[in-house]
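The next block holds one structure in the form of structure tokens; read it before the comments.
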Amino acid sequence: MPELPEVETVRRILSNQLNGLTIEGIDIYYERMIHEDIKAFTSTLIGQTIHRIDRKGKYLIFILDTHALIIHLRMEGKFYIKKQDDLSKHEHIVFHLNHGLELRYHDTRKFGTMHLRSLDDYLMTYPLNRCAEEPFSIDKASFYEKIKRKNVAIKSILLDQTIMSGLGNIYVDETLFDAKIHPERKGLTITKDESNQLIESAKKVLSAAVEMGGTTIRSYTASLGVTGLFQLKLNVHTKVGELCPRCGSIIKKIRVGGRGTYVCESCQK
DNA sequence: CCCGTGCCCTGGCGGC
DNA sequence: TGCCGCCAGGGCACGG
């Protein structure tokens, strides 16, 4: 489940491999992930060059000649860069590039999405207009103003990409652990100091993970594919029954907003 | 507007 | 061994 750090790692790898290449053809084997008219999608993209790959929150943004191709990997989306090869089971979109390269989108659960927008307004239109700032750039005061009147669990608030973008189920647990805040606390009980701490913890957790992805980048090559998932150094997530690395209590698994949630109820208040 | 629920989809796992 | 049911989850549609 790629969150901001994994998407950033994918972005860096794809940038190195794809910048300057031109889309010569597209094969689409699963149309539902393309949230556009299929013919218009194909005809618009063919002939365009990939100038740059950006990211906002968990979205990848291919900057082309006239359009932005906006991709969300959801849980299991991956890209592979290959020379001609047999199609494997879960490859749903194949972009044929020059120099005989193929960019293949692979997604076992088919949850990923692609949108195509004009460069003039891609940040102001759906879906990116719904994607809030990341913890690195978010305005602290307006973040606090939003959460302090919400009567929902702080974990659910932190997962809401229209409030702050970048955290998913793994790093939200790690962020709340770092901030020593219980995931079930209602937004309206969070103080200004705690709100600021959550932003700091999110930055700390995400940037450490980006750095780990960065150190692993070198071992990934086009022939191995780009999975975007790396060994993570986790404190609580998936650690049910183990000892809290901070206080030694047993880590519990609970459900918050329908999501599996790992928490140290001794040091997260 | 606010909040909770169910849906999309498939592989993997536990139970029998 | 095989089958069945359930779970995982990001974001959105929908309903109260």
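Chain letters run A, B, ... following the sequence lines, proteins first, then strands; residues in each count from 1. Just so you know, these numbers use all the heavy atoms, side chains as well, and skip hydrogens, waters and symmetry mates. Given the structure is predicted, the values throughout are model-derived calculations rather than measurements.
In this structure, L158(A) atom CG and dG10(C) atom P are separated by 13 Å, rounded to whole Å. Rounded to whole Å, the distance from CE on M164(A) to P on dG11(C) is 13 Å. As rounded to whole Å, 12 Å separates atom P of dG9(C) from atom NZ of K58(A). As rounded to whole Å, 11 Å separates atom P of dG10(C) from atom CD of E6(A). Atom CG in L159(A) sits roughly 13 Å away from atom P in dC12(C) (whole-Å rounding). For Q161(A) and dG11(C), the CD to C1' distance is 9 Å, given to the nearest whole Å. In this structure, CD1 of I157(A) is placed 16 Å from P of dG11(C), rounded to the nearest angstrom. Between the CD1 atom of I147(A) and the C1' atom of dC2(B) there is a distance of 17 Å, rounded to whole Å.
The phosphate of dT10(B) has OP1 or OP2 within less than 4.0 Å of a side-chain N or O from K110(A). Dashed line: the shortest gap from a side-chain N or O of R255(A) to OP1 or OP2 of dA8(C) is under 4.0 Å. Taking only side-chain nitrogens and oxygens, R32(A) comes nearer than 4.0 Å to OP1 or OP2 of dC9(B). OP1 or OP2 of dC8(B) has not a single side-chain nitrogen or oxygen of R74(A) nearer than 4.0 Å. Considering only side-chain N and O atoms, H90(A) lies nowhere under 4.0 angstrom from the phosphate OP1 or OP2 of dC9(B). Phosphate proximity of dC9(B) to Y30(A): present, with a side-chain N or O under 4.0 Å from OP1 or OP2.
For R259(A) and N151(A), each mapped to the nucleotide of DNA chain B holding its nearest heavy atom, the one lying further toward the 5' end belongs to N151(A). Two residues, P127(A) and F111(A), neighbour DNA chain C, and the one matched to the more 5' nucleotide by heavy-atom proximity is F111(A). Take the nearest nucleotide of DNA chain B for G257(A) and for T108(A): the residue whose nucleotide is more 5' is G257(A).
Closest to the side chain of K89(A), from the set dC9(B), dG11(B), dG11(C), is dG11(B). When distances are taken from the side chain of V152(A) to each of dC12(C), dC3(B), dA8(C), the shortest belongs to dC3(B). For M75(A), taking side-chain heavy atoms from C-beta onward, the closest of the listed nucleotides dG9(C), dC12(C), dC3(B) is dG9(C).
Nucleotide dA13(C) has dT5(B) as its partner under the Watson-Crick or G-U criteria, with both atom distances under 3.5 Å.
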Would you please test H92(A) and Y29(A) for ring-ring contact (aromatic ring centres under 6.0 Å, His included) and show each step? CA-CA 5 Å; H92(A) 305 307; Y29(A) 300 97; 8.6 Å; no
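Residues Y262(A) and E242(A) bring no donor and acceptor atom of their side chains to less than 3.5 Å of each other. Q197(A) and S201(A) share a side-chain donor-acceptor pair at under 3.5 Å.
In this structure, K186(A) reaches neither bases nor backbone, as no heavy-atom distance under 4.0 Å exists between it and the strands shown. Contact annotation for G258(A): no contact, since no heavy-atom pair falls under 4.0 Å across all strands. Across all strands, K146(A) comes closer than 4.0 Å to no nucleic acid atom at all (heavy-atom distances). Among the protein residues, D160(A) comes within range of no part of the nucleic acid, since none of its heavy atoms lies under 4.0 Å from any strand. Residue contacts shown for E76(A) are absent, as no nucleic acid heavy atom lies under 4.0 Å away.
Under the rule for a side-chain hydrogen bond (donor to acceptor under 3.5 Å, both in side chains), the partners of H51(A) that lie at least two apart in sequence or sit in another chain are D65(A). When the side-chain hydrogen bond (donor to acceptor under 3.5 Å, both in side chains) test is applied to R259(A), no partner is found at least two apart in sequence or on another chain.
With hydrogens and angles ignored, a donor-acceptor pair under 3.5 angstrom links the side chain of R109(A) to the base of dA8(C).
Ring-plane geometry between F79(A) and F62(A) is classed as tilted, the angle between the planes lying from 30 to 60 degrees on a 0 to 90 degree scale.
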